[in-house]
Amino acid sequence: MRIGVLTGGGDCPGLNAVIRAIVRKGHQLGGHEFVGFRYGWAGVLKDEAIDLTLDSTRGILHRGGTILGSSRTNPYKVDGGADAVRQTMQARSLDALIPIGGEDTLGVAGRLHADGVNVVGVPKTIDNDLAATDFTFGFQTAVQIATDAIDRLHTTAESHNRVIIVEVMGRHAGWIALYSGLAGGADVVLIPERPFDLEEVCEHIRRRHQAGRTFSIVVVAEGATPQDGDLISEHQETDAFGHVRLGGIAVTLEKEIEERTGYESRMTILGHVQRGGTPLAFDRVLGTRFGVAAMAAAAEGEFGQMVALRGTRIELVPLAEALAEPKLVDPGLYETAEVFFG
Ligand code: F6P
């Protein structure tokens with residue numbers, strides 16, 4: 001078989017592990033060749049690709065980012081985009097595509113599959129909010145980076161008797177905020193699934209300080225919203241999939257919390273630090289397992305499917321199942337975190 005591989009959407013640690021694993025499994029099975037499209041769907045539309053061989057995918061397991069590059073290009077927002085995808089596949093005699101991406105990249109994959117293109121999806125999102133898989137690779141690395149930051153912010157918050165607000169990624173779901181908040185001992189965690197009442201947050205901080213604590217750590221997901229308002233972002237622009245660029249809710253919280261409580265406040269936005277650098281072992285292993293399973297599925301003709309982690313096993317699930325709804329934070333897990341608030 002000839003297979004095209006691409007990485008779309010926001011990057012995350014572990015993408016190179018997947019690419020390497022697809023090629024290595026294909027080599028083990030024998031008779032498969034690969035091209036890697038540059039910058040996600042943009043490379044398919046422009047027919048810009050490199051050969052993926054054993055040699056070109058050596059030494060990349062531990063490297064962050066993606067050797068292919070990534071973008072948020074949407075072929076369905078481009079005139080004749082779906083036809084261009086088919087033309088590129090024909091010109092390169094490709095039998096199938098393995099797109100590695102989140103809701104947007106795999107959403108395109110799902111539509112292409114409905115249009116008769118052979119695809120096997122690999123789930124990727126730092127936010128861990130894709131349904132049908134227990135975890136996506138890159139998430140654990142992001143949680144560790146955020147936890148390390150919270151540990152560091154704890155000591156300076158304590159030295160200065162400050163409230164420190166730490167903003168982490170998480171557009172629809174607060175997985176990174178909740179996991180890093182639990183691991184880092186946050187006093188308040190604000191997530192998109194539970195719109196917050198700012199006065200309640202302030203009251204909580206006041207009670208904590210009146211009880212003798214001299215500092216507080218608030219972890220907020222960038223997509224968290226106040227009960228009486230909309231998304232708070234420092235930006236206006238949207239991407240090709242219609243998502244507003246997020247980032248900056250911590251700026252508002254810093255100002256409001258300081259004004260309302262009188263406690264000196266500072267904010268830190270972790271941003272893309274969470275997506276950069278070397279993947280943790282967990283993410284290298286998960287990415288590798290996904291890559292091997294995706295290649296095996298393609299060889300078996302299991303198209304329209306996505307590889308997924310279910311418990312400890314890697315399984316195939318219909319792309320449609322993964323794309324139906326985002327996977328939101330389990331309320332029970334939030335209740336566990338609440339035990340430690342205050
Ligand atoms: O979709 C994953 C994500 O990391 C979000 O958490 C974040 O809002 C967004 O990507 C950032 O995207 P970009 O890299 O395009 O700024």
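If you're wondering where the values come from, they're calculated on a predicted model, not measured in any experiment. Every number for a ligand or one of its atoms is a count from 1 in the order of the listing. Only this structure's heavy atoms are used, side chains among them; waters, hydrogens and symmetry mates stay out.
- Under the 4.0 angstrom criterion for non-hydrogen atoms, R72 is in contact with ligand 1.
- The distance from atom CE of M1 to atom OG of S93, rounded to the nearest 0.5 Å, is 13.0 Å.
- A distance of 6.0 Å or more separates the ring centres of F303 and H113.
- For the residue pair D148 / Q144, a side-chain donor-acceptor distance below 3.5 Å is found, with atom types taken as modelled.
- Ligand 1 places these atoms under 4.0 Å from at least one heavy atom of G170: 6 (O).
- For a threshold of 3.5 Å applied to N or O pairs, the pair formed by T125 and ligand 1 contains no separation below that value.
- The cationic group of K46 does not satisfy the cation-pi geometry with W41, failing either the under 6.0 Å distance to the six-membered ring centre or the 45° limit from the ring axis.
- Residues F215 and H154 place their aromatic rings such that the two centres sit under 6.0 Å apart.
- Defined by atom type and a distance below 3.5 Å, a donor-acceptor pair is missing between the side-chain atoms of T156 and S159.
- For the pair T225 and D230, the minimum side-chain heavy-atom distance is 4.5 Å or more.
- Atom numbering of ligand 1 starts at 1 in the shown order; those under 4.0 Å from a heavy atom of M169 are 4 (O), 6 (O).
- What sits closest to atom 2 (C) of ligand 1 on the protein, heavy atoms only, is D127 OD2, 3.8 Å.
- At a 4.0 Å cut-off, not a single heavy atom of G102 sits close enough to ligand 1 to count as contact.
- At a heavy-atom cutoff of 4.0 Å, ligand 1 is contacted by the side chain of R275 but not by its backbone.
- Of all the heavy atoms of H272, the ones lying under 4.0 Å from any atom of ligand 1 belong exclusively to the side chain.
- Those atoms of ligand 1 that come under 4.0 Å of a heavy atom in I126, given as number and element, are 4 (O).
- Taking all heavy atoms of E222, R171, E103 into account, the minimum distance to atom 7 (C) of ligand 1 is reached by E222.
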